[in-house]
J.: 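Structure in structure tokens, see below.
Values reported hereafter were calculated over all heavy atoms of this structure, with side chains retained and with hydrogens, waters and symmetry mates removed.
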Amino acid sequence: MRVVVKTVGTVLAAILLGYPLWAPEWGPGIMGEIRALGTPGGPIALAVFLGLVALYCRALQRTMTLVRPEARTASPASVWWMFAIPYNFTEDFFIVRAVSASVAASATAGARVPGGFIRWWTALGYGWCAFQILSLLPGTAGYAGGAIALPLWAAHWIMTGRVNRRLAARQPAAPLTESL
């Protein structure tokens with residue numbers, strides 16, 4: 001079922017990303033928005049955005065690395081699928097789920113991350129994923145989706161830092177030896 005959801009989601013995201021090609025009257029799409037910033041503005045804006053995504057992925061990878069291996073529901077490196085466009089628009093939901101489930105499993109094994117915090121963090125993650133897809137729509141709906149997705153993403157990222165600090169704090173100290 002996961003493969004079907006990911007395949008259908010990827011195809012739909014590709015269709016939405018490509019609407020300027022088959023329905024140019026709907027608007028220029030994201031590539032048109034980047035082109036509207038001109039040269040060097042468009043490439044700089046794109047580079048800054050991709051750099052921020054890379055930092056976010058690094059934070060999520062750290063989360064997965066801090067989770068005990070037996071509690072992980074995915075590889076820490078799997079978060080980098082966020083760069084696989086258009087696959088990422090669907091995969092992001094699965095990444096949020098895998099990281100959240102891993103942290104929840106780690107919490108039941110003694111980590112100091114409260115369940116309510118994990119639920120709120122997960123909801124923010126799903127929220128930015130959903131509004132990111134909405135941002136692919138043309139016109140006002142797309143702009144509104146992007147305007148909502150970005151702060152949700154930022155909030156999720158901030159909360160990811162908090163999760164990482166809590167998980168890192170539970171790491172046991174090195175045992176004292178008898179020779180001291």
J.: Would you list the atom pairs, donor with acceptor, under 3.5 Å between side chains in residues 40-61 and any protein atom, with sequence neighbours excluded?
T.:
{"from": "Tyr56", "atom 1": "OH", "to": "Trp128", "atom 2": "NE1", "distance (Å)": "3.2"}
{"from": "Tyr56", "atom 1": "OH", "to": "His156", "atom 2": "ND1", "distance (Å)": "2.7"}
{"from": "Gln61", "atom 1": "OE1", "to": "Trp80", "atom 2": "NE1", "distance (Å)": "2.8"}

J.: Side-chain heavy atoms under 4.5 angstrom apart, residues restricted to Ile, Leu, Val, Met, Phe, Trp, Tyr: same cluster for Ile133 and Tyr143?
T.: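 Each belongs to a different hydrophobic cluster.
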J.: Is the charged tip of Lys6 near the ring of Phe94: under 6.0 Å from the six-membered ring centre and within 45° of its axis?
T.: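 The answer is yes; both the distance and angle limits are met.
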J.: How about Trp22 and Ile15: do any of their side-chain heavy atoms sit closer than 4.5 Å?
T.: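 Of all side-chain heavy-atom pairs linking Ile15 with Trp22, at least one is under 4.5 Å.
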J.: Group every Ile, Leu, Val, Met, Phe, Trp and Tyr by side-chain heavy-atom contacts under 4.5 Å, then state whether Leu136 and Met31 land in the same group.
T.: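 Yes; Met31 is reachable from Leu136 via cluster members.
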J.: To the nearest 0.5 Å, tell me how far Arg162 CZ sits from Trp157 CH2.
T.: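 Answer for the CZ-CH2 pair, Arg162 versus Trp157, is 14.5 Å.
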J.: Quiz question: by atom type and distance under 3.5 Å, do the side chains of Trp121 and Ser100 form a donor-acceptor pair?
T.: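 Side chains of Trp121 and Ser100: no pair found under 3.5 Å.
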J.: Can you name the nearest heavy-atom pair linking Gly146 to Ser135, along with the distance?
T.: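 Closest approach of Gly146 to Ser135, heavy atoms only: N-CB, 3.4 Å.
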J.: Is there a path of hydrophobic side-chain contacts, each under 4.5 Å between heavy atoms of I/L/V/M/F/W/Y residues, joining Tyr126 to Ile118?
T.: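 In one cluster with Ile118: Tyr126, yes.
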J.: What distance do Asp92 atom CG and Tyr87 atom OH have between them, rounded to the nearest 0.5 Å?
T.: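 Going from CG on Asp92 over to OH on Tyr87, the span is 10.0 Å.
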J.: To check you understand the geometry: which heavy-atom pair defines the closest contact between Thr65 and Arg72, and what is its length?
T.: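 Distance-wise, the nearest heavy atoms are O-NH2, 3.0 Å.
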J.: Would you say the side chains of Ser102 and Thr73 form a donor-acceptor pair under 3.5 Å?
T.: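 Result is yes, a qualifying pair exists.
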J.: Quick one: pull up CZ in Arg35 and CD1 in Ile30 and give me the separation to the nearest 0.5 Å.
T.: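 Arg35 CZ to Ile30 CD1: 10.5 Å, rounded to 0.5 Å.
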J.: Under a 4.5 Å cut-off applied to non-hydrogen side-chain atoms, are Cys129 and Val96 in contact?
T.: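 In short, these two side chains touch, coming nearer than 4.5 Å.
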J.: Is any side-chain heavy atom of Phe89 closer than 4.5 Å to one of Thr10?
T.: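 SC-SC contact between Thr10 and Phe89 ruled out.
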J.: Could you state whether Ile85 and Leu12 fall into the same hydrophobic cluster, counting links through intermediate Ile, Leu, Val, Met, Phe, Trp or Tyr residues with side-chain heavy atoms under 4.5 angstrom apart?
T.: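 Cluster IDs for Ile85 and Leu12 differ.
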J.: What distance do Arg62 atom CZ and Asn164 atom CG have between them, rounded to the nearest 0.5 Å?
T.: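 Atom-to-atom, Arg62:CZ and Asn164:CG are 6.0 Å apart.
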J.: What are the two closest heavy atoms between Gln132 and Ala149, and how far apart are they?
T.: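 Smallest interatomic distance, heavy atoms only, reads N-CB, 3.6 Å.
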J.: To the nearest 0.5 Å, tell me how far Ser106 OG sits from Leu66 CG.
T.: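 So the gap between those two atoms works out to 9.0 Å.
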J.: With hydrophobic residues grouped by side-chain heavy-atom distances under 4.5 Å, do Phe131 and Ile158 end up in a single group?
T.: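 Not linked; separate clusters.
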J.: Do Tyr19 and Pro138 come within less than 4.5 Å of each other through their side chains, counting heavy atoms only?
T.: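 Result yes, sub-4.5 Å side-chain heavy-atom pair found.
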J.: State, yes or no, whether a side-chain contact exists between Phe117 and Val163 at a heavy-atom distance under 4.5 Å.
T.: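 Side chain of Phe117 against side chain of Val163, heavy atoms only: contact under 4.5 Å found.
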